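To start, the structure itself, in structure tokens.
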Amino acid sequence: MDEADAMPIADLVDERRYLLDVARGMLGGAGEAERVVDEVYRLWYGLSDEARRRIVRPRAWLAERAGRSCLHRLAGTGQVGGRVGRGDGGPALGRAAAEALSPPPLRESARRGRARRTGEREQDAVVRAVGRACLAGNGELLTSLLCERATAFVDGGGKLRAPDRPVHGRRPVARTLLALLAPRPRTALSAQSVNGRTGLVVRYERRVAAVICLDVTDHGVARVWVVLNPDKLRSWNRPPGPRPART
């Protein structure tokens with residue numbers, strides 16, 4: 001799955017919610033529904049690129065597999081996802097293999113390979129310009145802000161139908177960002193501190209749906225990490241704790 005397959009973040013979140021609703025409606029429990037949906041996405045990532053392209057309606061395909069998985073569980077067979085039909089590709093990936101597709105965690109990856117790091121003021125200006133270009137759908141402006149050999153990593157953790165390989169090159173990275181950050185109702189993009197440097201945060205229905213860290217050099221944006229994995233975003237969506245009582 002490459003940059004050509006990138007979808008708006010709001011659509012990715014909606015798709016996962018839809019599958020969770022299907023599984024919860026059949027099984028009743030939220031935890032079991034989460035496991036079903038995670039396993040169905042691993043089945044999707046187990047397919048070859050060619051097999052994925054042959055699936056005309058991926059959301060319907062995923063929902064069908066989720067329903068089949070729930071029926072197996074209800075029947076007590078212990079099977080998940082059923083057998084892949086002929087021509088659909090290989091078997092589902094194991095958990096370790098699926099996790100290996102993800103880039104390093106946000107805190108670790110943001111510290112690696114920073115050459116000629118810009119100052120905080122320049123970082124802030126470039127990141128905000130990237131955000132404005134994405135919101136305006138201005139591909140030429142966005143491309144001009146990226147290094148020629150820019151690379152983007154999209155970390156969905158195997159839990160969303162997001163690109164699962166690094167995207168290389170100024171124009172492919174720009175197309176990926178424009179697709180992921182395409183304006184959608186109930187979606188907001190803001191610049192704020194991410195690991196001590198200005199980054200971008202996407203909120204969908206007031207919940208953080210993506211955190212984007214940008215490695216800005218004096219030649220432009222060299223690397224972009226888009227974290228979509230809901231497990232890694234839990235701390236961003238945790239309600240604030242109670243204020244300490246005044247003494």
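Because the structure is predicted, anything quoted here is derived from the model rather than measured.
Ring planes of Trp225 and Phe153: parallel class, angle under 30° (limits at 30 and 60°).
Arg16 places a side-chain N or O within 3.5 Å of a backbone atom of Lys159 that can act as its donor or acceptor partner. A donor-acceptor pair under 3.5 Å is formed between the side chain of Thr143 and the backbone N or O of Gly139. Side-chain atoms of Glu15 do not come within 3.5 Å of backbone N or O of Leu62 as any donor-acceptor pair. Looking at Arg203, its side chain never comes within 3.5 Å of a backbone N or O of Val208 through a donor-acceptor pair. Judged by distance alone, the side chain of Arg52 and the main-chain N or O of Tyr45 form a donor-acceptor pair under 3.5 Å.
The salt bridge (charged side-chain N to carboxylate O under 4.0 Å, His left out) analysis of residues 131-154, with sequence neighbours excluded, yields the pairs Glu140-Arg171. The list of salt bridge (charged side-chain N to carboxylate O under 4.0 Å, His left out) pairs with a residue in residues 185-196, not counting sequence neighbours, reads Arg186-Glu205.
Of all the heavy atoms in Thr118 and Gln123, the pair that sits closest is OG1-N, 3.7 Å. The minimum heavy-atom distance linking Ala162 with Leu12 is given by the pair CB-CD1, 4.3 Å. For the pair Cys213 and Val194, the tightest heavy-atom approach, listed with the atom from each and the gap, is CB-CG1, 4.5 Å. Heavy-atom minimum distance, Trp44 versus Pro58: CH2-CB, 3.8 Å. The two residues Cys134 and Leu177 have their closest heavy-atom pair at SG-CB, 4.2 Å. Of all heavy-atom pairs spanning Met26 and Gly67, the tightest one is CE-O, 3.6 Å.
With rounding to the nearest 0.5 angstrom, the CG atom of Asp164 is 7.0 Å from the CG atom of Asp49. For the atom pair CG of Leu160 and CG of Asn229, the computed distance is 7.5 Å after rounding to the nearest 0.5 Å. Interatomic distance, Leu145 CG to His219 NE2, rounded to the nearest 0.5 Å: 15.0 Å. A distance of 8.5 Å separates CZ of Arg68 from CG of Leu43, quoted to the nearest 0.5 Å. Taken from CD in Glu64 to CD1 in Ile55, the straight-line distance is 10.0 Å, to the nearest 0.5 Å.
With a 4.5 Å cut-off on side-chain heavy atoms, Val13 and Ile9 count as touching. Side-chain contact check for Leu200 versus Val127: some heavy-atom pair is nearer than 4.5 Å. The side-chain heavy atoms of Val154 and Leu228, taken from C-beta on, include a pair separated by under 4.5 Å. Proximity of Glu122 to Val216: side-chain heavy atoms (C-beta onward) are nowhere separated by under 4.5 Å. Two residues are said to be in side-chain contact when any heavy atoms from C-beta on lie closer than 4.5 Å; Leu180 and Pro8 fail this criterion. Between Thr198 and Gln192, the closest side-chain pair of non-hydrogen atoms is not below 4.5 Å. Residues Tyr41 and Arg65 are not in side-chain contact: their nearest non-hydrogen atoms beyond the backbone lie 4.5 Å or more apart. Side chains of Leu146 and Arg223 form no contact here, defined as non-hydrogen atoms less than 4.5 Å apart.
A search for side-chain contact (heavy atoms from CB on, under 4.5 Å) contacts involving Pro183 returns nothing, not counting sequence neighbours.
Ionic pairing of Arg73 and Glu39 is present here: one or more N-O contacts between side-chain nitrogen and carboxylate oxygen are shorter than 4.0 angstrom. Salt bridge present: Glu32 and Arg35 bring a charged side-chain N and a carboxylate O closer than 4.0 Å. Using a 4.0 Å cut-off between charged side-chain N and carboxylate O, Arg121 and Asp124 make no salt bridge.
Checking Leu189, Val224, Ile212, Leu142 one by one against Val130, the side-chain contact (heavy atoms from CB on, under 4.5 Å) holds for a single residue, Leu142.
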Checklist entry - Does the side-chain contact (heavy atoms from CB on, under 4.5 Å) test come out yes or no for Val36 and Cys70, once each step is laid out? => result CA-CA 7 Å; Val36 165; Cys70 292; 4.1 Å; yes

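Both cation-pi conditions hold for Arg59 and Tyr18: the charged atom is under 6.0 angstrom from the six-membered ring centre and inside a 45 degree cone around its axis.
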